[in-house]
Visitor: 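The structure that follows is given in the form of structure tokens.
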Amino acid sequence: MTLFEKDCSDVPPPMSLSFFTATIAIILFIFTVPTNLLICWVVYKERRRLLRNAFNCLVVNLAFADLVVGLVVLTISTYVHLLEALTNHPNLPVLPVGHISYFICCTASTFSLTAMAIDRYIAVAYPVLYRNTISQRRAVVVSICIWFVSIFLPSIVYFQVGFIKYAFIFANIAIVATGIIFFFSYIAIYRKLRVQFQMSSQLQSGTESAQRRALEHEKRIANTFVIILVAYLICYMPSCVLIYILNFCRSCSCVTIHWFRDLQYVFIWLNSSLNPFLYSWRIPSLREAIFSSLPCQRWRMRNQAPSAAQVLEMTDQLRGSHDCMRQSTTSEHGACTRACTQRS
């Protein structure tokens with residue numbers, strides 16, 4: 001079976017489809033941009049505390065990729081689909097820009113998830129090697145390489161093969177490869193954690209108890225990783241199936257092609273909206289930093305702080321109690337002195 005790309009460039013999509021996709025893009029923009037922007041801002045504000053391990057650096061890279069999806073991809077997509085609906089002109093000059101930004105950001109997002117999966121596998125399977133070799137600097141280097149590859153591939157290949165064929169390349173390199181790495185990493189992590197918990201279940205000493213707490217921490221992070229994996233499969237697998245249909249369906253009409261094209265957009269956009277809710281709620285340090293940075297939380301802490309009058313009143317009370325204690329101590333000492341004098 002060979003790739004087949006049906007030329008639907010001269011056939012406008014249905015107006016209802018264009019309005020539907022633009023509406024979905026606006027709704028996902030509302031959920032994607034503020035949440036990922038909040039995570040990036042909180043991590044930057046608390047970077048000395050939150051960026052001490054490699055996994056959090058990869059989480060920030062994923063949040064930044066999803067933020068760019070919201071700011072750039074969803075914005076351009078809304079503009080393009082509104083123009084399609086209002087002007088009924090499918091060949092828009094801005095369309096390649098939307099495609100390129102879509103592939104760049106989504107490739108960076110999927111590769112970041114892959115790096116997180118590999119990071120968790122090494123942390124659980126080879127903890128000593130992980131502590132000695134996987135550092136914050138290495139995670140930053142990996143993040144830079146992810147963006148370099150994500151920018152290089154679409155910029156070179158897209159203009160040679162077109163949208164549908166490059167979507168097929170994206171589906172196989174990014175989506176399928178990441179799904180396979182996710183699956184085998186989870187299987188390996190689950191088996192390794194089960195063995196480690198069986199070995200540590202009989203330990204009682206303080207050092208061994210600390211080791212067990214470390215295992216509990218790794219288990220929580222692994223569970224977070226599993227939740228992100230499930231969300232990835234729910235969002236990316238339907239998109240991958242639709243991309244395969246776009247490339248192999250010879251009997252599909254242009255209207256069907258336009259529907260499949262927009263639906264595979266929506267599924268991948270949805271993942272960028274779900275990611276911040278998944279890992280920001282599951283990682284305790286990140287969750288606490290986010291809550292402490294919220295204006296309502298700061299207002300509550302400010303209201304709980306004592307006022308100046310209350311501070312003065314508390315100071316007077318403490319001073320009075322201190323004077324009473326000093327007087328009682330002095331009187332007791334004088335009584336003891338008089339008793340000793342009478343005995344003598």
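Note that the structure is predicted; figures quoted are calculated from it, not measured. The analysis underlying the following values was restricted to heavy atoms, covering all of them including side chains, and did not include hydrogens, waters or symmetry mates.
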Visitor: Are side-chain heavy atoms of Asp119 and Ile134 found at a separation under 4.5 Å?
Guide: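 Contact flag for Asp119/Ile134 side chains = yes.
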
Visitor: For residues Leu153 and Ile169, determine if any side-chain heavy atom of one lies less than 4.5 Å from a side-chain heavy atom of the other.
Guide: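 Result no, sub-4.5 Å side-chain heavy-atom pair not found.
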
Visitor: Identify the two heavy atoms, one from Thr35 and one from Phe277, that lie closest to each other, and give their separation to 0.1 Å.
Guide: CG2-CZ, 3.5 Å

Visitor: List the steps and the verdict of side chain to side chain contact (heavy atoms under 4.5 Å, CB included) for Ile118 and Ile122.
Guide: CA-CA 6 Å; Ile118 297 174; Ile122 299 176; 3.9 Å; yes

Visitor: Is the closest side-chain heavy-atom distance between Pro14 and Val255 below 4.5 Å?
Guide: yes

Visitor: Mind listing the closest non-hydrogen atom pair of Leu246 and Ile257 along with its distance?
Guide: CD2-O, 3.6 Å

Visitor: Are the side chains of Cys240 and Val176 in touch, meaning some heavy atoms are under 4.5 Å apart?
Guide: yes

Visitor: Does Tyr121 form a ring pair (Phe, Tyr, Trp, His ring centres under 6.0 Å) with Phe184? I'd like the steps, not just the answer.
Guide: CA-CA 9 Å; Tyr121 170 73; Phe184 286 103; over 10 Å; no

Visitor: Go through it in stages, so that I can follow the logic: the residues are Met237 and Ile175, the test is side chain to side chain contact (heavy atoms under 4.5 Å, CB included), and I'd like the CA-CA distance, side-chain angles, deciding distance and then a yes or no.
Guide: CA-CA 8 Å; Met237 287 299 107; Ile175 299 178; 3.5 Å; yes

Visitor: Ile164, Val97: one ILVMFWY side-chain cluster at the under-4.5 Å cut-off?
Guide: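 Looking at the clustering, Val97 is in the same group as Ile164.
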
Visitor: Is the shortest side-chain heavy-atom distance between Leu274 and Cys235 below 4.5 Å?
Guide: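 Contact flag for Leu274/Cys235 side chains = yes.
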
Visitor: Determine, step by step, whether Asn172 and Tyr244 satisfy the side chain to side chain contact (heavy atoms under 4.5 Å, CB included) criterion, reporting the C-alpha distance in whole Å, the side-chain angles of both residues, the deciding distance to 0.1 Å, and the verdict.
Guide: CA-CA 10 Å; Asn172 286 277; Tyr244 270 80; 2.6 Å; yes

Visitor: So which of Tyr158, Phe159, Tyr166 actually passes side chain to side chain contact (heavy atoms under 4.5 Å, CB included) with His99?
Guide: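 So the option named by the test is Tyr158.
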
Visitor: With sequence neighbours excluded, tell me which residues meet ring pair (Phe, Tyr, Trp, His ring centres under 6.0 Å) with Tyr265.
Guide: Tyr102, Phe163, Trp269

Visitor: Taking atom types as modelled, is there a side-chain donor on Tyr130 or Asn53 under 3.5 Å from an acceptor on the other?
Guide: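 Per modelled atom types, Tyr130 and Asn53 side chains form no pair under 3.5 Å.
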
Visitor: Which pair of non-hydrogen atoms, one from Ser18 and one from Ala85, has the smallest distance, and what is that distance?
Guide: CB-CB, 3.6 Å

Visitor: Would you please say whether a donor-acceptor pair under 3.5 Å links the side chains of Thr110 and Thr178?
Guide: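 Absent: no donor and acceptor within the cut-off.
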
Visitor: Search all heavy atoms of Ile104 against all heavy atoms of Ser155 and return the closest pair with its distance.
Guide: CD1-OG, 4.4 Å

Visitor: Can you name the residues that form a ring pair (Phe, Tyr, Trp, His ring centres under 6.0 Å) with Phe170, not counting sequence neighbours?
Guide: Phe103

Visitor: Compile the donor-acceptor pairs under 3.5 Å between side chains in residues 61-77 and protein atoms, sequence neighbours left out, one pair per line.
Guide:
{"unit_1": "Asn61", "atom_1": "OD1", "unit_2": "Trp147", "atom_2": "NE1", "d": "2.8"}
{"unit_1": "Asn61", "atom_1": "ND2", "unit_2": "Ser112", "atom_2": "OG", "d": "2.7"}
{"unit_1": "Asp66", "atom_1": "OD1", "unit_2": "Ser109", "atom_2": "OG", "d": "3.1"}
{"unit_1": "Asp66", "atom_1": "OD1", "unit_2": "Ser272", "atom_2": "OG", "d": "3.0"}
{"unit_1": "Asp66", "atom_1": "OD2", "unit_2": "Asn275", "atom_2": "ND2", "d": "3.1"}
{"unit_1": "Thr75", "atom_1": "OG1", "unit_2": "Leu71", "atom_2": "O", "d": "2.6"}
{"unit_1": "Ser77", "atom_1": "OG", "unit_2": "His81", "atom_2": "ND1", "d": "3.2"}

Visitor: What distance do Ser253 atom OG and His258 atom NE2 have between them, rounded to the nearest 0.5 Å?
Guide: 9.0 Å

Visitor: Where is the tightest heavy-atom contact between Leu82 and Ala22, given as atom of each residue plus distance?
Guide: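 Leu82 and Ala22 have their closest heavy atoms at CD2-CB, 3.8 Å.
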
Visitor: Could you walk me through whether Val149 and Thr107 pass the side chain to side chain contact (heavy atoms under 4.5 Å, CB included) check?
Guide: CA-CA 9 Å; Val149 175; Thr107 302; 5.6 Å; no

Visitor: Taking Ile187 as the starting point, is it possible to reach Ile181 by hopping between hydrophobic residues whose side chains are less than 4.5 Å apart?
Guide: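 The answer is yes; both residues are in one hydrophobic cluster.
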
Visitor: Would you check if Ile268 and Tyr236 make a side-chain contact, meaning some heavy-atom pair closer than 4.5 Å?
Guide: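 They are in side-chain contact.
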
Visitor: How about Phe267 and Leu242: do any of their side-chain heavy atoms sit closer than 4.5 Å?
Guide: yes

Visitor: Do we get Arg131 above Tyr126's six-membered ring, with its NZ or CZ under 6.0 Å from the centre and within 45° of the axis?
Guide: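 No - Arg131 does not lie over the ring of Tyr126 by the 6.0 Å and 45° rule.
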
Visitor: Show the nearest heavy-atom pair for residues Met116 and Leu58, with the distance to one decimal.
Guide: CG-CB, 3.7 Å

